[in-house]
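Encoded as C-alpha cells, the structure appears first; notes follow it.
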Amino acid sequence: HFNPAVTVAILASGRCRELSCGKAGMYMFAQLVGGIAAAFTYSAIYHGASFKLGPGAGYGFAQAAVAECMFTFMLCYAVLSVAVSTTTNSPAMFGLAIGSCVTVGGNAVGAISGGALNPAVSFGIVAGHRLADGGLAAAALYIAAELVGAGAAAG
C-alpha cells in the first residue's frame, strides 16, 4: 500500500477482507505523510527548489485530469487483477505487472500531466511547493481524477 488510489480500489472492490475502512484510512494517512516527506526531502536536497503540480506545456488541466484518471485506472486494475484477485492472483508476476503499469503510465502521460498516478505524490508535490500559485486547486483536481480512476477499476 503505497498509493491511496490503489488502497481505495482494493477497499471498494471488497477483494481483501483484511482491509477495513479504518485500516485503509490509516494507510492513506501514512501514504500522504510519505508523499509530503518525499517532497520536502527533494526540496532539501535541491536547496529549497520545488516544482508546481500541473499539466505540461501545451496541455490543460482537463487533459491532465483525463490522463491521470485513465492511467490510475489501469494501475488499479492491474493491482486488482494480479495482487488481490482470487482467480488471477500471480505472486510471481505481480511486481512485474504493476511496475510495468507505472513505467508505461509515466512514459505515456508524463508530458501531459507529470504522470503522478498517485494522490500521495500529487499532494506531496503541492506541499513541497508550499501550496503556492493555486497548488491546492491543482491537487484537488489531480486527486479527484486519480480516485475516479481507482473507483472505476474497482467496478
Side-chain angles (χ1 to χ4, degrees), residues 1-13 15 24 27-85 88 90 92-155:
H1 291 278
F2 296 106
N3 183 332
V6 172
T7 301
V8 166
I10 294 170
L11 181 66
S13 74
R15 293 184 184 178
Y27 283 157
M28 289 186 282
F29 176 76
Q31 292 157 354
L32 291 173
V33 169
I36 293 167
F40 282 106
T41 300
Y42 174 93
S43 192
I45 290 170
Y46 290 100
H47 309 289
S50 62
F51 53 92
K52 288 174 57 174
L53 178 68
Y59 297 98
F61 275 102
Q63 293 159 313
V66 169
E68 288 291 312
C69 181
M70 287 176 44
F71 278 90
T72 302
F73 165 82
M74 286 188 239
L75 172 61
C76 292
Y77 190 80
V79 170
L80 291 172
S81 295
V82 299
V84 295
S85 172
T88 59
S90 180
M93 297 302 290
F94 73 79
L96 178 62
I98 296 166
S100 294
C101 278
V102 172
T103 302
V104 169
N107 282 307
V109 299
I112 299 169
S113 68
L117 314 179
N118 183 332
V121 171
S122 297
F123 191 76
I125 291 170
V126 169
H129 201 62
R130 287 129 185 113
L131 303 174
D133 301 323
L136 194 55
L141 177 70
Y142 271 62
I143 290 168
E146 293 156 354
L147 293 176
V148 167

Which heavy-atom pair separates [X] from [Y] by the least distance, and what is that distance?
X	Y	answer
Ala5	Cys76	O-SG, 3.6 Å
Leu117	Asn3	O-ND2, 2.8 Å
Ala24	Leu11	CB-CD2, 3.9 Å
Ala64	Pro55	CB-CB, 4.0 Å

Could I get the full list of side chain to side chain contact (heavy atoms under 4.5 Å, CB included) partners for Val102, not counting sequence neighbours?
Leu75
Quick one: side-chain hydrogen bond (donor to acceptor under 3.5 Å, both in side chains) pairs with a partner in residues 95-105, sequence neighbours left out?
none
According to the side-chain hydrogen bond (donor to acceptor under 3.5 Å, both in side chains) rule, which pairs have a member within residues 108-125, sequence neighbours left out?
Glu68-Ser113, Ser122-Glu146
Checking Ser50 now: which residues fulfil side chain to side chain donor-acceptor pair (under 3.5 Å) with it, not counting sequence neighbours?
His129
Among all residues two or more places apart in sequence or in another chain, which pass the side chain to side chain donor-acceptor pair (under 3.5 Å) test with Ser13?
none
Considering only heavy atoms from C-beta outward, does the side chain of Arg15 approach that of Leu80 to under 4.5 Å?
yes
With ring-ring contact (aromatic ring centres under 6.0 Å, His included) as the rule and sequence neighbours excluded, what pairs involving residues 37-57 come up?
Tyr42-Tyr46, Tyr42-Phe51
How would you list all residue pairs meeting ring-ring contact (aromatic ring centres under 6.0 Å, His included) that involve residues 60-80, not counting sequence neighbours?
Phe73-Tyr77
Throw together a table of side-chain donor-acceptor distances under 3.5 angstrom for residues 148-155, partners on residues two or more places apart or in other chains.
none

Table please: side-chain donor-acceptor pairs of residues 27-38 below 3.5 Å, with sequence neighbours left out.
unit_1	atom_1	unit_2	atom_2	d
Gln31	NE2	His1	O	3.1
Gln31	NE2	Thr7	OG1	3.1

Atom pair CG (Leu141) and SG (Cys69), whose distance is rounded to the nearest 0.5 Å
10.5 Å
Check: Tyr59 side chain, Gly54 main-chain N or O, donor-acceptor pair, under 3.5 Å:
no
